[in-house]
Number of protein chains: 2
Amino acid sequence: MASIKDVAAEAGVSAATVSRVLNDHPSVSAHARTRVQAAVAALGYRPNAVARSLRTDQTHTLGLVISDVLNPYFTELARSVEEEARALGYSVIIGNADERPDLQDHHVRNLLDRRIDGLLVSPTDGGSPLMLEAAHAGTPMVFVDRWIPGVDVPVVRADGRAAVRDLVEHLHGLGHRRLAIIAGPAATTTGLERVEAFREALRAYGLGLPDAYVGRGDFQAESGRRVTEGFLDLPEPPQVVFAADNLMALGALDAIRARGMRVPGDIALAAFDDVRWFVHTDPPVTAIAQPTGELGRAAVRALTARIEGRPGASLTLPARLVVRRSCGAPPSAVPPPPPVRRRMP
Amino acid sequence: MASIKDVAAEAGVSAATVSRVLNDHPSVSAHARTRVQAAVAALGYRPNAVARSLRTDQTHTLGLVISDVLNPYFTELARSVEEEARALGYSVIIGNADERPDLQDHHVRNLLDRRIDGLLVSPTDGGSPLMLEAAHAGTPMVFVDRWIPGVDVPVVRADGRAAVRDLVEHLHGLGHRRLAIIAGPAATTTGLERVEAFREALRAYGLGLPDAYVGRGDFQAESGRRVTEGFLDLPEPPQVVFAADNLMALGALDAIRARGMRVPGDIALAAFDDVRWFVHTDPPVTAIAQPTGELGRAAVRALTARIEGRPGASLTLPARLVVRRSCGAPPSAVPPPPPVRRRMP
DNA sequence: GCCCCTCGTGGAATCGATTCCAATCTTTCT
DNA sequence: AGAAAGATTGGAATCGATTCCACGAGGGGC
C-alpha cells in the first residue's frame, strides 16, 4: 500500500509538502498542490490512520460499551451514537458487555489500549477498579443510561419517575391493587431507581410493595421468566407485573403464556423501555418510552465537548408512558378515580 | 500515559528488553523479566496498540459491515462474530450501512484506512468500485449472508431453498393458493434468491407467481407496509404474504392490522429470518430460521484463516422452517395433500 | 589456558505520518 | 539597490513500539 513517501516521490516534492496538502495547510503553492493531488489520485493513496494517530495522539474514535447488544434499546442507542459521532467526524467502536462485568472490563481495557479519544459507558455494575481508574486518570468519559454514583463523569439519561407515576395511576385506575416489579440488578442505577420510583408512586396511592412482589432479574429475558414464575406461584399472585426492561417483559410473557394464562385478562403486564415490537405482541405492551435517540446524540455531544476541551454537561430527559392493551381496559363497573397527577404531554 | 521507555528506565533495562518481556520472547533472563514485570505493575503500563500496529502492520482487528443494526438478525450475527473473534484474539469494529450504499462505502473506507486485518461484509448492493477494488487488492475478505457474484471472496451464508419448499408445502397444505412475496432489493443476492426459491417451490405445486404478487421492498419495515397495502388493494388480494425479512414482515403486520384484518383469518403471513419476538407477536409468526450464530462464527473462522495465510473456505448452511400460527391451522374440510417432500429435521 | 559457542542485552533502524526550524526564493518598501 | 518581510519548501525529529545486528560475558571442550 502506497505511503506518503511514494506520493512525495511521484509528485516530486517532500513528504512534508504532501502532508501539508493533505491537511490543507495554507502555505502550499498552487502548483505543488495540484501535483500532489494528481499523485494521490494516481496511486490511490490513502493516509494510514494508524501512523497519523501515533503522531497526533488522536484517533478520532469513540468507544461505546453497552450492556447488551441483543437488547433493542441498546442497539437503538448505539445507532444514534454512531450517527451523531459520524456527523461530528468521529468513528465509534462498540463493545458488548453482555451484562457481564468481566466482559465490560475486557472492552474498556481494549478501547483504552487503542487510545480512543473518549469513552461512552452504560455500566453493567458498580464500577470496576479499571473503570474508576480510567475516569480518575482523566480519560474523557460520559455515562449513558446507567451511571456510577460518586464518579465525577457527566451522565446522560432518562428520568422515568414521572412516567412511572403515570403508569401507576393508569394501573390503579384500572382497578389493580397488587402490583409487582421485576427489578434489574442492584449493582446498576437503573436497577435500583426503577424500583424506588415504583415504590414511591405506589405509596402515593396508599399501596405498598411487599418484598415478595420485588423480583430480582438481570435485564435478560430468562430472568424475567424465572421471576414471573415465582410471582405466579405465590399464594396471592400479583395482578400486575412491571418489568424493568423490555427483555424481562418478554420473559414474563413467556412464563405467563406457559401457564395458559392471558394478558391482561388473568394478569397485566407493563415494561420499562418501549421497543417497536411491543406494538405487535399479543397483546400490545404498555411501556415507558425513553427518548433513546436523543440520549445517544446528547451523550456524544457531551463527550466530544469534553474531548475538545469544552465543558460537557450532564443531561436528564423525561421518559413517557405509552399506554397499550396489556394492562386491560378500564372496567366500566368501577368509576375512574379522580386524577391525581396529569399525564406528561 | 507511561511508555515503554518509562518502563525501561524504571526497570533499569533497555526498551528492547521490555519489549521482549512483553511478547514473551525466550531470550530474557529471569532476573530481567521479574524486574520488568515489577516496573510494568508499578507504572500501570499498557502497551500502546497504535504504535504496535504501526510497527507490526497488524491491528488484530476485524471490520464488520452490516446492512442494518436495527435488524435483530444482524445484531445476532454481529454478536456471534464478536464472540468468535474475541476467542481468536481479534477485536471487531462494526459499521452500520443502514441499507445505504454510500454509508457502506463510508465504513469500508474508514475500516481500510484503519488498516484492519480483514473485512466481513454483508453487502447492501451489487458492490461499489471501492469494495471490488479492496477485494482485488488482496484485503482478506469474507461475505456473510449476502454476497457479490463474480468476486473471488469466500461466502458464508444460509441456503433457504429447502426451507422455502417446506414453507410452500405447509401453505399449500393449508389450502392457500394465491401466494405473494415481499422481496428484497434486486441489488442483493438475498433479495433475488428468496424470490427465485419461492417461485420454484410454487411451480412444484403447479402454482404461478404473477408479477402483481411480487412486491419490491428494501428490507426495512416501512417498505413491507407499503408493499402489503398494494397487495391488499389488488382486485384479488393474495391469501398469503411471505416477507423476505423480519422487518418487512413487521411492516406487513402493521398494514394488515391498519385495515382491521386478522392474521391468519383474513390473510396469512410468513417471514424469512426468525427472531425471538416472532414467538410473541399476535399471532406468532411462521418463519424460516437461519443458523445465525453458526454463520457468524464460521465467517470469522474463514476470515482469520485467510488473514493467517490458511485457505478460508466458503460455507453454506441450511435454514429451516419454524411453523407457528400465522398461516392458519389446517382446515379440516380439505384433506391434506400427499407429502411431496419431507420437512427438514 | 585458549577458543568457540550460546545467551542476554542494548543501540539503532524502522513503520508512516506530522511539525518545528532553517533555508531559499520572491516580493515589496524605502 | 539593498534590506526586510513573506511565501514555500525540505530536512530532521518525533510519536511508541518491534526487531535486526553486534557486542560482551560466561561455559564447555580440547
Side-chain angles (χ1 to χ4, degrees), chain A residues 1-37 39-40 43-61 89 91 109-117 137, chain B residues 1-40 43-61 89 91 109-117:
Chain A
M1 190 155 275
S3 82
I4 198 169
K5 282 186 196 164
D6 302 319
V7 177
E10 172 86 11
V13 298
S14 73
T17 299
V18 176
S19 175
R20 278 186 278 257
V21 171
L22 260 32
N23 298 284
D24 41 36
H25 189 284
S27 147
V28 180
S29 68
H31 177 249
R33 185 179 307 276
T34 53
R35 284 195 57 83
V36 168
Q37 284 163 343
V40 165
L43 298 175
Y45 168 76
R46 297 249 81 213
N48 183 326
V50 175
R52 190 183 287 220
S53 292
L54 176 61
R55 184 58 233 255
T56 61
D57 202 31
Q58 290 183 42
T59 50
H60 277 281
T61 303
S91 307
R109 166 139 294 155
N110 180 33
L111 293 166
L112 256 24
D113 284 355
R114 286 163 182 275
R115 302 301 192 264
I116 45 144
D117 292 341
Chain B
M1 189 153 276
S3 83
I4 197 169
K5 280 186 196 164
D6 302 319
V7 176
E10 172 86 11
V13 298
S14 73
T17 298
V18 176
S19 176
R20 278 188 277 257
V21 172
L22 260 34
N23 299 284
D24 41 36
H25 188 285
S27 148
V28 180
S29 67
H31 178 249
R33 186 178 306 277
T34 53
R35 285 195 58 83
V36 168
Q37 284 162 344
V40 165
L43 298 175
Y45 168 75
R46 295 250 82 212
N48 183 326
V50 175
R52 186 183 288 216
S53 292
L54 176 61
R55 183 58 232 255
T56 61
D57 203 30
Q58 289 183 45
T59 50
H60 278 280
T61 303
S91 306
R109 167 138 294 154
N110 180 34
L111 292 166
L112 256 25
D113 284 355
R114 287 165 180 275
R115 303 300 193 265
I116 46 143
D117 292 340

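Here the structure is a predicted model, which is why all the values come from computation and not from measurement.
No side-chain N or O of A/Asn48 forms a donor-acceptor pair with one of A/Arg52 less than 3.5 Å apart. Between the side chains of A/Arg114 and B/Ser53, no donor-acceptor pair is found at a separation under 3.5 Å.
Within residues 20-32 of chain A, the residues having any heavy atom under 4.0 Å from DNA chain D are, by residue number, A/Arg20, A/Ser27, A/Val28, A/Ser29, A/Ala32. In the region residues 1-16 of chain B, proximity to DNA chain D at under 4.0 angstrom, judged on heavy atoms, holds for B/Ser3, B/Ile4, B/Ala16.
Counting only heavy atoms from C-beta outward, the side chains of B/Asp117 and B/Gln58 approach each other to under 4.5 Å. In this structure, A/Val40 and A/Leu22 have side chains that are in contact, with non-hydrogen atoms separated by less than 4.5 Å. Residues B/Arg109 and A/Arg46 have side chains in contact (heavy-atom distance under 4.5 Å, counting atoms from C-beta outward). Side-chain contact between A/Val13 and A/Val36 is present, with heavy atoms from C-beta onward closer than 4.5 Å.
Across all strands, A/Thr56 comes closer than 4.0 Å only to sugar-phosphate atoms, never to a base (heavy-atom distances).
Formation of a donor-acceptor pair under 3.5 Å by the A/Asn23 side chain with backbone atoms of A/Arg20 is not found in this model.
Scanning both residues, B/Arg115 and B/Thr59, for their nearest heavy atoms gives O-OG1, 2.9 Å. Scanning both residues, B/Arg33 and B/Asp24, for their nearest heavy atoms gives NH1-CB, 4.2 Å.
Under a cut-off of 6.0 angstrom, the local environment of CG in A/Asp57 is sparse, with at most 12 non-hydrogen atoms contributed by other residues, nucleotides or ligands.
Close approach of DNA chain C to chain A, defined as any atom under 4.0 Å from a non-hydrogen atom of the protein, starts and stops at C/dG16 to C/dC20.
Residue whose closest nucleotide on DNA chain C sits further toward the 5' end, between A/Arg55 and B/Ala51: B/Ala51.
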